[in-house]
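I have placed the structure first, in the form of structure tokens, so that the comments after it can refer back to it.
All of these numbers come straight from a predicted model, not from anything done at the bench. Within every chain, numbering begins at 1; the chains are lettered A, B, ... in the order of the sequence lines, protein sequences first and strands thereafter.
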Amino acid sequence: MGDLFSGMAEGHEQLAPGAWLLRGFARDVASTLLADVARVAQVAPFRHLVTPGGYTMSVAMTNCGRIGWTSEARGYRYASSDPGTGRQWPDLPESFADLARRAAEAAGFADFDPDACLINRYVPGARLSLHQDRDENDRTAPIVSVSLGVPAVFQFGGLSRSDKPARYRLEHGDVVVWGGPSRFAYHGVLPVAEGFHPETGNLRINITFRKVF
DNA sequence: CAGTGCCG
DNA sequence: AGAG
């Protein structure tokens, strides 16, 4: 097996045009990120949202930043306050903003300034079926996704749901960035296996940054 | 509107 | 296991 991307920085794997897996990119700040996740969750608790189809999601979610993604019986939407508490979402921690900006830059997207940050918590068995992120108005900004805790298998496909997705094992500190021609790529997470990570126990935490406006 | 889910 |  040869090196398909010789000359590229170690640990940066191209998944598709405009899509990169930055292996271990957030490893050195992972503890700080997790501490900030805990702080956010204290103000905006994780909840299991209900899809418009009436099913309760296996992944628990919360948000920080100016606006947050939510799902309700009536539909998906970005909201400036937490429907669970009525309060505004907590501010985007500095550690989040800095990491998101640097990861986007490393993937070729300059000046990424996310206004939305969705935090997903997976227990063993939790999953996110194949979908597109398409509730954002800014179609030029990338998606930045940070994996923490127990590993998971990430599916990354094409622009059509029928395109067979490739699978990548994402570990603590890995970051995936996709934008440009891959901005609307289908992606998902297979059911998370039982596991243990010293910083999260049996949980997987994912932090996803988007620019809505 | 709803496929970020279920069925098979 | 995973198409539709």
Should A:Arg101 and A:Asp98 be marked as a salt bridge (charged side-chain N to carboxylate O under 4.0 Å, His left out) after you check the CA-CA gap, both sets of side-chain angles, and the distance that decides it?
CA-CA 5 Å; A:Arg101 162 85 52 139; A:Asp98 177 66; over 6 Å; no
Go through the steps for A:Asn206 and A:Phe154 under the test side-chain contact (heavy atoms from CB on, under 4.5 Å), then give the verdict.
CA-CA 11 Å; A:Asn206 174 261; A:Phe154 179 64; over 6 Å; no
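Residue A:Gln132 contributes atom CD, which lies 16 Å from atom P of B:dA2 at whole-angstrom precision. The distance between atom CG of A:Leu130 and atom C1' of B:dC6, rounded to the nearest whole Å, is 14 Å. One interatomic measurement links the two molecules: CG of A:Asn120 to P of B:dG5, which rounds to 10 Å at whole-angstrom precision. The distance between atom CG of A:Asp135 and atom P of B:dC1, rounded to the nearest whole Å, is 14 Å. Rounded to an integer number of Å, the gap from A:Tyr55 OH to B:dA2 P is 12 Å.
Heavy-atom neighbours of A:Gln88 CD from other residues, nucleotides or ligands within 6.0 Å: at or below the threshold of 12. No more than 12 heavy atoms of other residues, nucleotides or ligands lie within 6.0 Å of CG in A:Asp91, so this atom counts as exposed by the packing criterion.
Counting non-hydrogen atoms under 4.0 angstrom, A:Ser71 reaches nothing in the nucleic acid.
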Please enumerate all protein N or O atoms sitting under 3.5 Å from an N or O of nucleotides 2-4 of chain C, with distances to 0.1 Å.
unit_1: C:dG2; atom_1: OP2; unit_2: A:Arg167; atom_2: NH2; d: 2.5

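In terms of the salt bridge (charged side-chain N to carboxylate O under 4.0 Å, His left out) criterion, residue partners of A:Arg210 (sequence neighbours excluded) are, by chain and number, A:Asp133, A:Glu136.
Comparing A:Ala73 and A:Met57 against DNA chain B, the residue whose closest nucleotide sits nearer the 5' end is A:Ala73.
For the side chain to side chain donor-acceptor pair (under 3.5 Å) criterion with A:Trp69, the lone passing option out of A:Asp135, A:Asn120, A:Asn63 is A:Asp135.
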